[in-house]
Structure formats: structure tokens, C-alpha cells
Amino acid sequence: MIQQFRTQAGGRVDRSQPVHFSFDGQPYEGYAGDTLASALLANDVHLVGRSFKYHRPRGILSAGAEEPNALVTIDRGPGRITPNLRATQIELHDGLVARSQNRFPSLRFDLGALAGLASPLLSAGFYYKSFMWPPSFWNRVYEPLIRRAAGLGRAPGTPDPDRYLHRYAHCDVLIVGGGAAGLAAALGASATGARVILCDEQPELGGSLLDEPGVTIDGWPAPDWVKEAIATLGGSVTLLPRTTAFGWYPGNMIGLLERVTDHLAEPAATLPRERLWQVRAERVVLATGAIERPLVFPGNDRPGIMLAGAARTYLHRYGVKVGGRVVVATDNDSAYRAATDLHAAGTEVAGIVDNRPAVDSEAVEAARALGIPIRTGLTIAGTEGGMRVHSAKLSNGTDVIPCDTILMSGGWTPSVHLFSQSRGQLVFDTASGTYLPSEGAVGACAGVFDLSACLRDGTEAGGSEPRTFVVAGMPSMTPAGPPAAARPHRSAFVDFQNDVTTKDLSTATDEGFVSIEHVKRYTTAGMATDQGKTSNLNALNTVAALTGQGIEAVGLTTFRPPYTPVTFGAFAGTARGALFAPVRLPPIAAPGAVLEDAGTWKRARYYPRDDETIDAAVVRECIAVRNEAGMLDASTLGKIEVSGPDAAAFLSRLYTGDFSRLAPGRCRYAVLLGEDGFIRDDGIVARLAADRFHVTTTTGGAAFVLHHMEDYLQTEFTSLRVWLTSVTEQWAVIAVQGPRSVEILAPFIRDIDLGAMPHMSVREGHIGDVSLRLFRVSFTGETGFELNLPPDQAQRVWDTLRERDVTPYGTDAMHILRAEKGYIIVGQETDGTVTPDDAGLAWTIANGDFVGKRSLSLPDLKRPDRKHLVGLLPADLAMVLEEGAQVTDGMRADGLGHVTSSYFSATLGRGFALALIAGGRSCIGSELSVPMPRGDIPVTVVDPVFVDRPGERLKVRPVPTVQPESLLPPEPWLAPTSRPAGSVRLAILAPTTRLAIRAGGAAATGIGLAIGVLLPTVPCRSVIARDRAALWLGPDEWLIVAPEEAADLPDQARKAAGDHLVSVVDVSHATRTLELAGPAAAWCLNAFCSLDLDQSAFPVGMCSRTLLGKAPVVLWRVAGDLFHLDVGRSYVPYVWDCLEEARLELADG
Amino acid sequence: MLLIPCPWCGQRPENEFRYGGQAGIVRPADPAAVSDADWGAYLYLRDNPKGRHVERWRHVHGCGRFFNCVRDTVTDRIAATHKPGEAAP
Ligand SMILES: [Zn+2]
């Protein structure tokens, strides 16, 4: 027989659409609109799971999110297995495959049920007590056994192939819950013109109104009133069904989980499975309703025992009768409606057992009039039944009522989980015996159960004048009082999901647990994914009875997010695989190179030829640099332009050197310290002009150094007139190093006399037709240059040099070459506790004060036994020590220090290392040892400079006369094409001229007049004049955008400044502009950008630095549906891919 | 995620900001004249109040400015933010 418990008519399921599904391999039929639970009940399947600890047979308790028993696994194919889903929330679709959990071999014959016989071992705190001895058994025997026996579904074993998206949203009013109060609140809020979001965890808005076809509101049957309300709200309010508000976080940020495709049999591949919303709400209205409480009686957990309200929901929403012969047990009037409704649907109601001595209301009278036996002053004292309940024994000790279903109601607990998460004040309501939110809640969540009051309060909470709704057809009921005093029966379940009984709570209080938070943790009541939805108040009531106090004296435990479980996929969103983090690639392609991570970048580690091994390639690269010429892509180095009349003074206060006497055109190596005296970064400080410096940082330290400099500039050295501009991505860098570097470069560089460039100098000129900032510096010990080039031209220069047999070398060779010279790498030779003197860099320390200087004279930083940087040579020439290995003198147990860098040197023909050794410089020449698992390795302590100690190879030599030559021709740049999506188009714009301007107010006006566009003074606003625009980025910072032809704009701006202080830096090459256009542009951005992009908050002309995913961008609303994003070159692929991911579901076709 | 009112840009999400520690720690004008103990205190001693805390933040992914912020360390509520040099309310 098919769907034998389906009613003849009624319910909201679509009887014209049968849906086929399976449960534990057995095929069943339901209807579109069913949940898995309602379809199973229609097929008379009540046994759906085994309990957590005792493996007791369990049925369906509820019809909603509070379901503690009916947890199942849904199998949507490989990698798409989701355990522990509530059958009451799973929407049925064709082909749905569901399985029960926590049973072996089958649901009916579960060996784990033997655990029930061992229940004395599994009582409260069992894992602290029962499995204590022998201790070694815990890891090997007890824990694996318990883990196998307990727990619920199994996690999938393969990666999740589904897509998940995030979404940031802002609103004036967020309404959680789409029942009567929530819909009224939405109507009330939208009438005021507010931006409103209404979410509800169910597939259909309406809440309990969907269970009330016999009730009318203003003359409309309640479900039709819902339809009308939704139609009214549709245009103006964001309605989010299937969306659970799972957490309330600081700053009124509410986490929503929208289930996009799980209810679809064949979802489109363009849709994400789930979308995690982070909503910033000015105001939150909680209309989350109330959860019915089970009654606590022995045997209250057998299949067939469910909440009375759930039975009404199954009847009215799904057209399902939950049983053939029903006993109703209650302590309030609401369950009488279940009795009368089921009676009307043809179910035999064998009796109503009411704990109260006397009852009288319209609802009670209606049941009485139908001839349903009402037994007052009694409750259920026990039940019988195996896989389904078959009788209820009453508390008078004599009466036993045969039945297949028991409906229970212990009153209603307002659903205050979200309110509790918001750290709101919960107030105990003596009349109902429950805790209520002190503010911000409406309807049943606020303890209001009268429908017309819910609607009126909702309208008011939405922000409109309270209005009266005419409600008819609802029988009057006596308001429920506080729950009756609990009786600690042995086997009465309080928390079904965690298998906690009144006996467990009694054990806890007997053993001296006083605080309810401790009782919760000891017994596990109200923990885990359930968060005490059905159990919390019953647990409090039981503890109150056990300790002889009132519920309010027991106190309330804290509810924790999430309200219902959220998938890891939803939390991760797109931050996995390729989009986990931006992968920043330097502007020079390195086909064939092996890449490695360097900070946020990928760098070429080595460039193998054919079948070359890494060792062979690195040796070849090193030898090429020492004997001929090699080139390194050093573009990832951080670069900061420091300008202003006090630039030299500022740098002298930030770095160890004194730059006041550094001549323009010269460079100096400098070390950056923290105020504690320890090395934080190092680099080259190059003086371009009296008031302009180009400073390099390490690849990983670029962001930190700029932040550190801004910190001192903005908050300590505020009188200094200096501006900082990051030019890391404005310049690509090719380091050309080796004895032949001069003769190789000379034919291409005509306006700089390479022979006249001393070591540590800088010149500006051209290589071929490409503008060049040329540094004569060396990180290898060889004659060398660093070519700073516009990144679009760098590939040409690289390829040209490669044709001239300059050997590309990677970071491995670079590391070896610099270590042979004893040059440190910050983060390798330093670890945040190394001073300049420790690293042999005392020579960089200038006389004046600088950040960190004072600390260098603290006693601990002057100790002679501090660790010094030294070289180590293993006695065995072939030996390469392990980096990080300890170094000892063989006498003491504790180490003297450790190996910081260790390599095989082709130049030296042996292994060598750098190390930090206590008092190292005083023990040069001594023998130490490096203890390793296979024995001690003897080493000799040596000076850390292994190659060319006097620096002969860096000396300037005359340049032979050469014939001028040309670079390879430029390759045209091809913009990527985006996926077609009419509602939001994506493109990369052609390059433009861009200036970073830093200036005070007076100068800003002058510059604006000179370059033809005024610099806005209002934060985050732009000014457009003809073909150029000025964007406010900070109170003294603007970005000027002009056509590419306006290349003389920097000079214009500088001239216009005259005597005013101003910094003008060309940053045309540092970024590219992405254009996002179309009606869905803002929507698309909000998948990755957390700003409020509504026109009211982010109007046309607004611009700001912000984050798009994990990439910094400048976002500019050029027109209503048109955004420009200025993106650092290396972030472009990441931002592009992010936006494509957001556009996917909007793609055409 | 906190919402932090930048004195220039207005309310922005926390991930645009970088924390800057306790506000009002002034670098001694002449560090060489400061005793080792006082210098150590300048480097390392910070308040750790339960409640009102005046601290620095930088709108690093925004206007780039450092500013001061009065935050309750218990509730995470931000009472006010102000530009450097302006008095805390
Ligand atoms: Zn700001």
C-alpha cells in the first residue's frame, strides 16, 4: 500500500507530482512539497534512527529544526554525502537517497543496542569514570570503541565537488522568521521605506500560519493571507526562504545560510549549493517563534511519540496522519487542537491525559464535544513498544491505553538562541516559566501566543503604527503556565540527541555539580548541534527539582552558534583551491621554471634544462653568475618611494644608517629595526634626488615596512614633511649579475655610463626605448645591476638578455651566492631576536638616534656571549648540514646555537653553512659539532664571508666600446575575455596614466588647477573633469586617472606645486583597471566585497580602498551600474577569477 | 567581525583595519637619556583593562590613517573613534 497515512485531501503538497525516493535502500513515494519526514510518516515509517549512546530505536519527534532524533545521511553521490541532516528539514525530490545512521547491520537489528544493556557504564560523565583503567587502554581500546559506537553519521571521504559562495548584505531591518509576527514586521518595516531582509529556514514563508487553514486573518484564510503578504513584500523586501539565521555576531552581523540547490533533483551547475550571507543589520527583529517541549516521562523516546504541534503540522501542511490510534499527553491547551484536528481527519484519539487538575477553555470544550476522553490530574508513567510505541501507562498505576502514537506537549519555549548569542539580556517570565528576550523579539519568541497580538506587535516592531488584525476561527486557550515540577525518573529522556536522562542529571547534582554550565558539560545535556532546542528548559526544570530551587535560580546556559549545523563548504565559500588566496606572479613569465612560495608571491626557484636535476641546475646557475652573467627576476622586492624635504631625516630615524650625507645617485645598504633593537627588515636606500628616495624591502616584508614607516610618520615623527608611496608593482626588477654584466648591458644602455657607475649607485635613463631606473648593487658579490623597468616591458628586456646568453637563475642559486658572501636573509639568519651586531652588521649603525637604537645599549643586547653570525665548514667536504640543526661544543647538553643556512657551493667545491653561535666571533677557528641522528658531524667555525673577502670583484672596471643594439620588439598585450553575462559584464581596461599625489590642502588646490581636475576634499569622493579624474584615497592622498597620452602629467603636477610640499609618483604601471558593468554589478561585487554598495551608501562618484576577497583594491562607482576596480597587477588574476566565480550564476545561456 | 567607524571613511568592517595596540604610548624625545628600566617599560609595559581601552587602529585597506578608538574589551562595543591629536571623549 502506498502512502497509507496520507489524508484524502488537504495539505500543501502537490498531489499531482509524485516523488520517488529511498530510505535505507527501500523505495518510497511522496509528493512534491513533502519533507523526508512527512513522506516517511505518510508511508507509516516511524523508526528512522538509533540514539547517540544507547542505540535506542528513535522516531520523528518534531516537524522542524528542533528535531533531535530523525538525523539521517543524504547521499548525492561521491563527495556529496552529508551526514546528520534533520529529516524534518530535508525537502523531498525525485531520486533522493537517504540512510539512517548509527546502526549496524541494520536499523531494526542493531548490535549497538547492546550498549543499552551496558547503560550503567554510559551514565553522566562516563568517559571520565568508566574507562579509567588501565590508562594505556584509553588510546588503544576505549576511545576507538566509543568513537565507533557513539557519534552519528560518517563524514564523506572525498573532496566536496560543490560550489559555495559568500554574500555580504546590509539592511535597515533584518527579520528572522517568516511566520505571522515576522511577516507583519516585514509589512510594517517595508511601509516605512526601510531596506528589509526577511529570512526563514523553511522552504515556504508563513510559519505556523501554514498549519491553520481554518483560521482567518482579516477575512483571508491564514495560508492565503500569507500569500497576499508575500506578494505585497515581493518588490521591496529581500525574501529569503530556505535560509537559516545561524549566528548573531558582534556589530549586528548575522550569519545566514541559504540552501540554494539541495531541494532540486538536478540543480544547474552554475548555481552554488549554498550561500553564506553576512548581513549587517541596523536592527534585528527576532520572530523565531517557539519550540514545543516534550514531556519528561519514562519511555518518552519510543518511535511513535512526537510533539503534538508537529502532528498538526504534518496534518495541515503535508496531509499526513501521524498514527491510527493516538494518546495525547499535555499540560497545556494547545495539544487539544491536535486532538480535535486529528479526530476530524479520521484518526482515533484514545484519550487526552492532562497533568492539570482542572481544564476549561474553548479548545478543551471542542475536544470534549467530540467525545474524546479527557483524563485530568494524570500523566504518563511509562510506555511499552519496541520499534514503535504500543501502549501508554497512566500515572494512576492502573490504566494502560493501547495506541500507536503518543502526542505530547509540555508547553512552548521561546526560541531565544540568536538573542542569547547576541549577548542580550534574557529575562525569566514567571507566568510561563520561560526565559524571554528583553528586547527586539516579537510573537512567540517574545512569549506572545495570541495570533492577533503577534500580528499587531509585528507591525509595530517593523516600525509602523500598530494595527489591528481581525483573527477568527482560533479557539481561545488558557495561557500555559510554568512546567510542572519534574520527577527524576530513571529512564525519562530529557535530551534525546545526546541521550541524557533525568537520572544523569540527578547523578550530576548528587556528585556536587552546582553550576548549570557544569551540569551541562558533565551530562552533555543541551550540547553539540542540538543546542538544547527541545531539552534546555526540561533540563533546567529537572535540576531545579533536584536542587530544590526555582528554574530562575538555576540559571540558563549560553546558546552557541550555529543554531543548526552549517557545512564547512559554506564557511569556506570560494576560499579553497585556486581562490584560497591570491597567487601573485611576477610580471616576467618563467616557462619551465620550478616555482616556490615567497611571502604572497610565487618565484622561480630554478630553471632546469631538459632532464636536469635541481642540484645540477642550481650548480650551473651559480657558476654562470660567478664566471659569466646571470639574471634573476627580483620584481617581488618591495619598493617604497619616500619623498619630501625631510625624507633623509626620516629614513635616518627608521633605518640604522645616516642618509643626510648620502649623495643623490648613491645607495646604501640599511637595516630596519623594531624599537626593541632586533632586525625586522633590510634593503637598499637609494637617493634619487635631494628630496626623493627609492627604498627596497624584502619580498615578504613590503607590507610590514610600509605600515611601520606610516606608523612612525603619522604618530611619532609628525613634524617631518615626508610622504610614502608603494611602488612595488610599478617596477619590475631584473638583477643582472656576473663579471660580464657590464659588457652585456652596455650595448642597450646609451644614456647611462655604466663604467662611471660606482658600486652602490643609481641612475635614471633607458634600456633600448624602455625607461630604466638602474641600480649598481650586488647580492651575489659579483659586479651587478638591478634593472627597474615598467613591468609591461620587462619581458622584452628579459628575453633580449636571454638571447645574449645571460643565464636565468632562481632563488636557490640566489640564496647560495649571497650566503657565500655572508649576506643575511631576514627571516632566515634572523628570527626576531637578532641585533645588527649579532648579524655582523654593526657597521651599518649610525651615530644619531633611530628606531631601536636605544635598545641596543640595554645590558642583555650587549652581552658578549650573544649569538653571532659565523660560518661553518663541515670536515667532510660533501656534507651539507641540515638547516635548523643544533651546534654544540660536545661538552654541554645545551646547544650553542643553530645552523641558519646550509648549501653545497660549486664555487667552494664543498658544503658550507651560516650559523648563529653563542660568542661566535670569539671562537672562529674552533671545532664544534652538529649532533645528528646518525652521529655527530664535526665542523670548524669560520668567518662568514667565503668568497672574495676583500670585495675585489665589486670594483668598477672600464667598459669596452660596444656597438649599440636594440631590444626585441614588444609583444602586444592581449586582454583576457570574460564569460558572457549580460547583467554584469567584466573587462580589463587599456592602460592609463595614474599618479599618486600626496599633498597638504593648499598645494592640493594648486595641483588640481594645474592638471585640470580639482582634488576632492570630501572623503571617498571623486571629481571628474573631461578625460581625467581625481579620487580621494586619504586625507592627503589622491589618485589621478588620465589618458595614457598624458605622460607629462607628473611633471605638470610637480611644477604646479611650486614651493608647496607635494609628492607626485607615477604609478601607471602598478595597477590595472577592471570594469564591472550592468544591473547586477553591485550584487556581484558583494560576493567578495563587504562594503554596503547600495546607492544610498555608496553613491555614484564614491571611491575607496577596500578588500575584494583577500585582494586590496580601489573601488570606484563611476555610474549607477558601472564600477572600476584598480587592482595591483599581481592581484589581477585572483580578482578576475573571483568576479567570474560571482558571475557564473548570471552567465548568459 | 567588528564594525569600526574610521574618523574619515565612516563605518567599515574590521578586516580593512590593522590593530595598533594601546594608544598614547609616546616615544621618549631623547631615548639616550632614558634609564634602562624606563626604556623597558616604554617597550613592553601595557595596560590590560577589563572594560574601557583606548587603542590605536589603522585603516590600512582604506584611507591608511592611524586613529584612536575607545573600545570596551568585555563587550567589544566601540564608544568612539577620533583622529590622532584629538582628545578622547
Ligand atoms: Zn578610513
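Both backbone and side-chain heavy atoms feed into the values below; hydrogens, waters and symmetry mates do not. Throughout, a chain's letter reflects where its sequence line sits, starting with A, and its residues are numbered from 1.
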Roughly how far, to the nearest 0.5 Å, is the [atom2] atom of [Y] from the [atom1] atom of [X]?
X          : Y          : atom1 : atom2 : result
Arg423(A)  : Asp76(B)   : CZ    : CG    : 6.0 Å
Gln11(B)   : Asp1092(A) : CD    : CG    : 11.0 Å
Glu16(B)   : Leu1107(A) : CD    : CG    : 6.0 Å
Asp1036(A) : Arg65(B)   : CG    : CZ    : 4.5 Å
Arg18(B)   : His707(A)  : CZ    : NE2   : 4.0 Å
Glu716(A)  : Ile25(B)   : CD    : CD1   : 10.0 Å

With chain A as the partner, which of [options] has the greatest number of non-hydrogen pairs under 4.5 Å?
options                      : value
Pro31(B), Gly64(B), Pro84(B) : Pro31(B)
His61(B), Arg12(B), Met1(B)  : His61(B)
Arg56(B), His59(B), Arg77(B) : Arg56(B)

Under 6.0 Å from the [atom1] atom of [X], do we count more than 12 heavy atoms belonging to anything else shown?
X         : atom1 : answer
Gln22(B)  : CD    : yes
Tyr19(B)  : OH    : yes
Arg46(B)  : CZ    : yes
Gln425(A) : CD    : no
Asn847(A) : CG    : no

Is chain A contacted by the side chain of [X], its backbone, both, or neither, given a heavy-atom distance below 4.5 Å?
X        : value
Trp8(B)  : both
Leu3(B)  : both
Arg27(B) : both

Side-chain heavy-atom pair Trp1032(A), Cys9(B) within 4.5 angstrom cut-off: yes
Close side-chain approach of Glu14(B) and Pro250(A), heavy atoms under 4.5 Å: no
Quick one: what part of [X] sits under 4.5 Å from any heavy atom of chain B, side chain, backbone, both or neither?
X          : value
Thr718(A)  : neither
Glu675(A)  : both
Asp849(A)  : side chain
Thr1106(A) : both
Phe717(A)  : side chain
Leu1033(A) : backbone

Glu710(A) side chain to Val60(B) backbone, donor-acceptor under 3.5 Å: no
Salt-bridge criterion met for Arg854(A) and Asp36(B) (N-O under 4.0 Å): yes
Partner chain B: residue of Asn252(A), Asp711(A), Val1113(A), Leu706(A) with the largest heavy-atom pair count (under 4.5 Å): Asp711(A)
Options Ser1104(A), Gly674(A), Ala1097(A), ranked by heavy-atom pairs under 4.5 Å with chain B, top entry: Ser1104(A)
Shortest non-hydrogen contact between Arg1105(A) and Cys63(B), atoms and distance: NH1-C, 4.1 Å
Minimal non-hydrogen separation, Gln714(A) against Phe66(B), with atom names: OE1-N, 2.6 Å
